[in-house]
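Please read the structure below before turning to the comments.
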Amino acid sequence: MVLDASGGPLAAALATPADALPYAVKPNRHELEEWAGRALLTLGDVLAAARGLRDRGIAVVAVSLGPEGALFLSEGGAVHARPPATRITSTVGAGDALVAGLVAGLHEGLSLADTARRALAFAAAKLSREGASLPPRPEVEAIAATVRVEALG
């Protein structure tokens, strides 16, 4: 299961026993701050809180950071993915598109870095469009090729 929730539902899901936790979660920075009970002002703060989720037993944590991209964490490491400059038409659905890209990357067995590229490409593609659809696959793949991914220690 991949969980994208906020507030009480997120808190309840994250408070379950380890064997009932979702496989992956995608909070945004604010939602992660609520769970952590503190402000996460730096990327290091976000990484530490995401590690707290992973240490509880969640295999993959993706934290959306708005214009700063997203942080992705798994047992194999952590990466910070930054989207290319994008003309924003609508932010509606960008988080959902990021989750769709995350699920696509996980389904295809991509590396963490390539999953991050796919997820950010889906979100960036959505930001440039009105409505619920993404552009054709070649456009999304072209965006993915421009996503910068940096490994984090």
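Other cluster members for Leu41: none, since no ILVMFWY side-chain heavy atom sits under 4.5 Å from it. Residues Val2, Tyr23, Val60, Val79, Leu98, Val99, Leu102, Val103, Leu106, Leu112, Leu120, Val147, Val149 make up the rest of the hydrophobic cluster containing Phe72, defined by ILVMFWY side-chain heavy atoms closer than 4.5 Å, directly or through other members.
Between Ala13 and Pro22 the shortest heavy-atom distance is O-CD, 4.4 Å. The two residues Ala94 and Leu127 make their nearest non-hydrogen contact at CB-CD2, 3.7 Å. In plain terms, the two heavy atoms of Ala104 and Phe122 that are nearest each other are CB-CZ, 4.4 Å. Scanning both residues, Thr146 and Ile143, for their nearest heavy atoms gives OG1-O, 2.7 Å. The shortest heavy-atom contact between Ala116 and Ala81 is CB-CB, 3.8 Å. Taking each heavy atom of Ala78 and Leu73 in turn, the nearest pair found is CB-CD1, 3.4 Å.
How far CG of Leu21 is from CG of Leu3: 9.5 Å, rounded to the nearest 0.5 Å. A distance of 9.0 Å separates CG of Asn28 from CG of Leu65, quoted to the nearest 0.5 Å.
Applying the side chain to side chain contact (heavy atoms under 4.5 Å, CB included) criterion to Pro136, with sequence neighbours excluded, gives Pro138, Glu139. Legend: residues meeting side chain to side chain contact (heavy atoms under 4.5 Å, CB included) with Arg82, ordered by chain and number and at least two apart, are His80, Arg148, Glu150. The side-chain hydrogen bond (donor to acceptor under 3.5 Å, both in side chains) test applied to Thr16 returns no partner, not counting sequence neighbours. Partners of Ser6 under the side chain to side chain contact (heavy atoms under 4.5 Å, CB included) rule, at least two apart in sequence or in another chain, are Glu31. Partners of Glu108 according to the side chain to side chain contact (heavy atoms under 4.5 Å, CB included) rule, which considers only residues two or more places apart in sequence or in another chain, are Leu110, Arg118, Arg137. For Asp45, there are no salt bridge (Lys or Arg N to Asp or Glu O under 4.0 Å) partners, not counting sequence neighbours.
For residues 59-80, every residue pair satisfying the salt bridge (charged side-chain N to carboxylate O under 4.0 Å, His left out) rule, not counting sequence neighbours, is listed here: Arg29-Glu68. Applying the side chain to side chain donor-acceptor pair (under 3.5 Å) test to every pair with at least one member in residues 46-65, sequence neighbours left out, gives these pairs: Lys26-Ser64.
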If you apply the rule side chain to side chain contact (heavy atoms under 4.5 Å, CB included), what do you find for Val63 with Leu47, and how did you get there?
CA-CA 9 Å; Val63 183; Leu47 179 59; over 6 Å; no
Between Asp96 and Asp4, does the side chain to side chain contact (heavy atoms under 4.5 Å, CB included) criterion hold? Intermediate values first, please.
CA-CA 8 Å; Asp96 295 331; Asp4 180 16; 3.7 Å; yes
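Under a 3.5 Å cut-off, the side chain of Glu33 and the backbone N or O of Ala39 do not form any donor-acceptor pair.
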